[in-house]
Protein chains: 2
Amino acid sequence: MVSIRDVAKVAGVSHQTVSNVLNTPEIVSEATRERINKAIKLLGYKPNAAARRLRSGHSDVIALGIAPGSDHAPSPIFDSFMHQLAAAAGNDGKKVMLYAKTDQEHDIALFESLQEQSDVDAIVLSGLEDQDARPKWLLEHQQLFALFGRPWNIELDQAGQIPWVDVDGFSGMKEITKRLIEAGRTHIGYVGWEPSTGVATDRYDGWKAALDEAHFDYAANPYELETWTESVEEELGAGLDATATLYERHPDLDAIVCPSDNIAVGALLASSRLTKYAVVDDARNSTIADRPIIVTGFDNSRLARSFAFPSVSQPLDQVADELVRMIREILKGVKVTNEPRWHRLFKPSVVWRDVATHE
Amino acid sequence: MVSIRDVAKVAGVSHQTVSNVLNTPEIVSEATRERINKAIKLLGYKPNAAARRLRSGHSDVIALGIAPGSDHAPSPIFDSFMHQLAAAAGNDGKKVMLYAKTDQEHDIALFESLQEQSDVDAIVLSGLEDQDARPKWLLEHQQLFALFGRPWNIELDQAGQIPWVDVDGFSGMKEITKRLIEAGRTHIGYVGWEPSTGVATDRYDGWKAALDEAHFDYAANPYELETWTESVEEELGAGLDATATLYERHPDLDAIVCPSDNIAVGALLASSRLTKYAVVDDARNSTIADRPIIVTGFDNSRLARSFAFPSVSQPLDQVADELVRMIREILKGVKVTNEPRWHRLFKPSVVWRDVATHE
DNA sequence: TCCAAGACTTTGAACGTTCTGATAGTCTTG
DNA sequence: CAAGACTATCAGAACGTTCAAAGTCTTGGA
C-alpha cells in the first residue's frame, strides 16, 4: 500500500506538503504541486479513508434508513431518492450508508450504536410519522441530522433547530387541479387519504384551494371526499371502491384528483371503460367516452407513466442536493437557525399526459 | 471521547487486555473480563471504527450500486432487497454503502476509487447485463465481490471464481404454470420478453417445461410467444398490445403466464372484463366470465398484491443472508471454488391468488 | 543594513486501535 | 525438581493521515 510518505519521497518533499496538496492545494506553490501530482499519479496513490477519519474525526458518511420493502416504503419513488442522494453525496465527497429500519424504537437503538463509533457524520431521516420521537432523540443526543419531509408535529421545531427539505404537496395538488380546470373540467372530485395526517391534509388542501380560487360552487356538496385506511397495500383497491361510490353520487364527474399514483390507478380502473387502456369498444358509453374522465396522481411513479395519467413529479435531485448542502454546512459547524435556508420547500412540477392524444 | 486506554485505566489493566476482551474474549480470564466489561459500561465506551479500520485493514463495509430510479431498476423489488441486505449485513457487524450507479464504464471508474481507499471490503453487484465487463474487471483487480444474479456470459466463470446467488426463474415459472394446469387450465399462453437474454430465456423455458411435462399438445402452434422491446417503461403497454394480439389468434386462451408483474398487469388489462377489478356488469361476456382468465406474474411486487393475481415470490432474505455469508468467508481468506456453496440458486415460491375467491 | 511580513515548507506529535513479541506465572511431565 | 508447555497479561510499535507549531527563504519598507 502506497502512503503519503512514499509520494513525498518520490517528489522530494515532506509528507505534510503532500497532505496539503490534497487538502489545501492553494497554499502550495504551483511547481511543487505539479511535481507532487505527478508522483501521485506515478505511484497510483489513493488516500486511506480510515486514517483520514481517525485523525480528522469525521467520516464523511451519511446514514439513511430504508424501510422493509415496497409495502411500507414511504413512497414508490424511494429508490429514486436513494440514487439521487448517493449521487449528491458522491459529488460532495461523501458516502451514503444504509441501515435497515423497522420501527421508531429500533431506529433509535440503531442511532445509538451509529453515533459513537465515529462512523457516521449525519443522518438523513425520512418517512417521519406524525408523532415521531426520533428528531427529538437526535437533538437531545446531539447527533447531526436533516429531514426529508417536514416535522409536522411542530412543537420541537420552535427554535427552528431542525433542518429539513420537503416537497410542497399543497402546491403540486393545486397546480394539477388548476390544470384540469384549464382543460375545461367542471366536476373535479377528490379521492384520497383521510386528512388526519400532515401530508394527507396538505394535499387535500391543495385541491380545495384550486377549486376555491376558481370560484367553483358545488351548491350543497362543495366537494366530495372519500376516505379510507392508510394501508398502502390496499390503496389501489380502496381507491377503486371509493371512486365507485363517488361515481354513484356524482355521475357527472369528469375528473378525479388523487394524492398518490396508487390511488389514481384504483380510480382509473373504477372508470376503466373511459381510459386509454380499457376502452373495449363499448358503444353504450360513447357519450362519456367522447370526453374521457381524467384521473391525476402524485409522484409520477412508474404507474403514472405506464397508465399514462398526469401526475405530480417531485424534484428529488434538488431535494438530495439540498440535504447534502445542509449537512455540509452543519458539519462545518454552522448553527441551524430559523432562516429559510434551513427549511426548504421545493415546488414539484406537473407532468401532464393528455389521455386524448394517447389514444 | 473515551478510548480503550481510559477503560484500561479504570479496570486496572493494560489497553491490550481491553482489546482482547473485545476481539478474543475467550483468551481473557473470566474475572478480568467481567471487570473490564463493567468499566466499558461505566464509561460508555464504544470502539472507534476508524481506528479499527486503519489498523486492521478492513472496513466491514459492503458496497451496493443503485440504479437511477424506478425506470431502470433491475426489478421492482430492489428496495426490498436493499433492506434485506442492510439487515443481513447488520447482523454480521457489517454495513452497506450505496453508490450511485449509471452505466458499466462509470461503475468501473467508481470501483477504482473505492478499491484502494480501504473503504470498502467487498462489492455486491446486481443487475448484470448480458455482456458485462464488471465481473472481469473486479477479478483482474482483485477486488472482492459477489453477484446477485448469475453471470450468464459464462466464459469467465470457468474457474468458478465468481461467487453468486440467484433465484431460479426457471423453477418459479414452471411451478406457477403447473399450478395453472392443476387448476384445470388447458390453454396457457406466454407473454414475455424476447428470449435473447439469459433471464428472459430462463423464464420462458420454465413455462415451456411445465407444458411439455404435462404433455400438452398444441397441434400446429405448440405455444404462442409474443415479443417486444425490453423497455421497462413501456412494459405494461407492450404487454397489453401483445396480449391483445395473442387473444385474436387464440380466443380460447384461459391463462397467461408472464415473466414480470408489469407485463402481467398489461395482460390483465387486455382481458380486463374478465378480472376482479374490471367486471363492470357486462352481460355479454358472461360465458367467459364464468371462468375468468388467470394471468400470472413474477416478483410478487406491489402490483401483484394490488391487482390480486398470482405471482412468483423471490426469497430475498435468503439471498441477502447468503451474499453476506459468502462475503464473510471470502474476507476470511477462503478461496472461491467450483463447489456449489459459491453458486447458490434459491427456489422462489408461488404466491397463489384465486381470482374467483376474490370476487 | 536590518527587520517584519508573507509565502511556502518541514518536523514531530497525535488520533485509537490491533499486531508482534515478550514477560511473568502456573501447570504438566518424566 | 527442573524443563518445557501453556495461560494470562503487558509494553511498544505500527497503521496513514491531519494538526499544531516552527522553520526557511524571499521580499520590501524603514
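Since we're looking at a predicted model, the values are computed, not measured. Chain letters run A, B, ... following the sequence lines, proteins first, then strands; residues in each count from 1. Reckoned from all heavy atoms, side chains included, excluding hydrogens, waters and symmetry mates.
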Legend entry - Distance in angstrom units between Asn48(A) CG and dT17(C) P, rounded: 17 Å
Legend entry - Ser14(B) side chain near dT9(D) phosphate (N/O to OP1/OP2, under 4.0 Å): no
Inset, instruction - Please check if atom CD in Glu140(B) has more than 12 non-hydrogen atoms from other residues, nucleotides or ligands closer than 6.0 Å. - result: yes
Inset, instruction - Output yes when at least one side-chain N/O atom of Thr17(A) is less than 4.0 Å from OP1 or OP2 of dT10(C), else no. - result: yes
Legend entry - Electrostatic pair Glu322(B):Arg325(B) at N-O distance under 4.0 angstrom: yes
Table of protein N/O atoms under 3.5 Å from nucleotides 21-26 of chain C N/O atoms:
none

Legend entry - Qualifying residues under ring-ring contact (aromatic ring centres under 6.0 Å, His included), relative to Phe346(B), sequence neighbours excluded: none
Inset, instruction - Classify the side chain of His15(A) and the base of dT18(D) as holding, or not holding, a donor-acceptor pair under 3.5 Å. - result: yes
Legend entry - Between P of dT17(D) and CG of Asp60(A), the distance in whole Å: 15 Å
Inset, instruction - Report the end-to-end axis angle of the helix from dT1(C)-dA30(D) to dG30(C)-dC1(D); each axis comes from five terminal pairs, and the value is rounded to 10°. - result: 50°
Inset, instruction - Grab the CD-P distance between Glu30(A) and dT9(C) for me, whole Å please. - result: 12 Å
Inset, instruction - Classify the side chain of Arg53(A) and the base of dT18(D) as holding, or not holding, a donor-acceptor pair under 3.5 Å. - result: no
Inset, instruction - Look at the side-chain N and O atoms of Ser56(B) and state whether any lies under 4.0 Å from the OP1 or OP2 oxygen of dC15(D). - result: no
Legend entry - Length of the CD1-P vector between Ile27(A) and dA22(D), whole Å: 17 Å
Legend entry - Expected output: side-chain Asp166(B) to main-chain Arg150(B) donor-acceptor under 3.5 Å: yes
Legend entry - Nearest listed nucleotide, side chain of Ser29(A), among dT9(D), dT18(D), dT9(C): dT9(C)
Inset, instruction - Scan side-chain atoms only and decide if Glu339(A) and Thr337(A) contain a donor-acceptor pair under the 3.5 Å cut-off. - result: yes
Legend entry - OP1 or OP2 of dT18(C) under 4.0 Å from side-chain N/O of Asn23(B): yes
Inset, instruction - Whole angstrom is fine here: how far is it from CD1 in Ile4(B) over to P in dA11(D)? - result: 14 Å
N/O-N/O pairs, protein side and nucleotides 4-6 of chain D side, under 3.5 Å:
none

Inset, instruction - Measure from CG on Asp119(B) to P on dG16(D) and round the result to the nearest Å. - result: 15 Å
Inset, instruction - Determine the contact category for Ser3(B): base if any of its heavy atoms lies under 4.0 Å from a base atom, sugar-phosphate if only primed atoms, P, OP1 or OP2 are that close, otherwise nothing. - result: sugar-phosphate
Inset, instruction - Report yes if a side-chain nitrogen or oxygen of Thr32(A) is closer than 4.0 Å to either non-bridging phosphate oxygen (OP1 or OP2) of dC8(C); otherwise report no. - result: no
Legend entry - Residue mapping more 5' on DNA chain D - nearest nucleotide basis, Leu54(A) or Glu26(B): Glu26(B)
Legend entry - Under-4.0 Å salt bridge between Lys95(A) and Asp119(B): yes
Legend entry - Exam field: side chain Arg35(B) to backbone Ala11(B), donor-acceptor pair closer than 3.5 Å: yes
Legend entry - For atom CZ of Arg52(B) and atom C1' of dC19(C), their distance in whole Å: 14 Å
Legend entry - Side-chain-base donor-acceptor pair under 3.5 Å for Arg55(B) and dT17(C): no
Inset, instruction - Without swapping roles, check the side chain of His83(A) against the backbone of Gly65(B) for a donor-acceptor pair under 3.5 Å. - result: no
Inset, instruction - Under 4.0 Å between any heavy atoms, over every strand shown, what does Ser19(A) touch: base, sugar-phosphate, or nothing? Just pick one. - result: base
Inset, instruction - List in chain and number order the residues that pass side-chain hydrogen bond (donor to acceptor under 3.5 Å, both in side chains) with Glu34(A), two or more places apart in sequence or in another chain; answer none if no residue qualifies. - result: none
Legend entry - Side-chain-base donor-acceptor pair under 3.5 Å for His58(B) and dT18(C): no
Just distance, no hydrogens or angles: give the donor-acceptor pairs under 3.5 Å from side chains in residues 85-92 of chain A, sequence neighbours left out.
from, atom 1, to, atom 2, distance (Å)
Asp92(A), OD1, Arg328(A), NH1, 2.8
Asp92(A), OD2, Lys94(A), NZ, 2.8
Asp92(A), OD2, Arg328(A), NH1, 3.4

Inset, instruction - Verify, without hydrogens or angle tests, whether Asp168(A) (side chain) and Leu345(A) (backbone) share a donor-acceptor contact under 3.5 angstrom. - result: no
Inset, instruction - Provide, to the nearest angstrom, the distance between the CZ atom belonging to Arg5(B) and the P atom belonging to dA11(D). - result: 10 Å
Inset, instruction - Determine yes or no for a side-chain-to-main-chain donor-acceptor pair under 3.5 angstrom, with His343(B) supplying the side chain and Ile162(B) the backbone. - result: yes
Inset, instruction - For Gln84(A) and Val319(A), indicate whether the former's side chain and the latter's backbone hold a donor-acceptor pair under 3.5 Å. - result: no
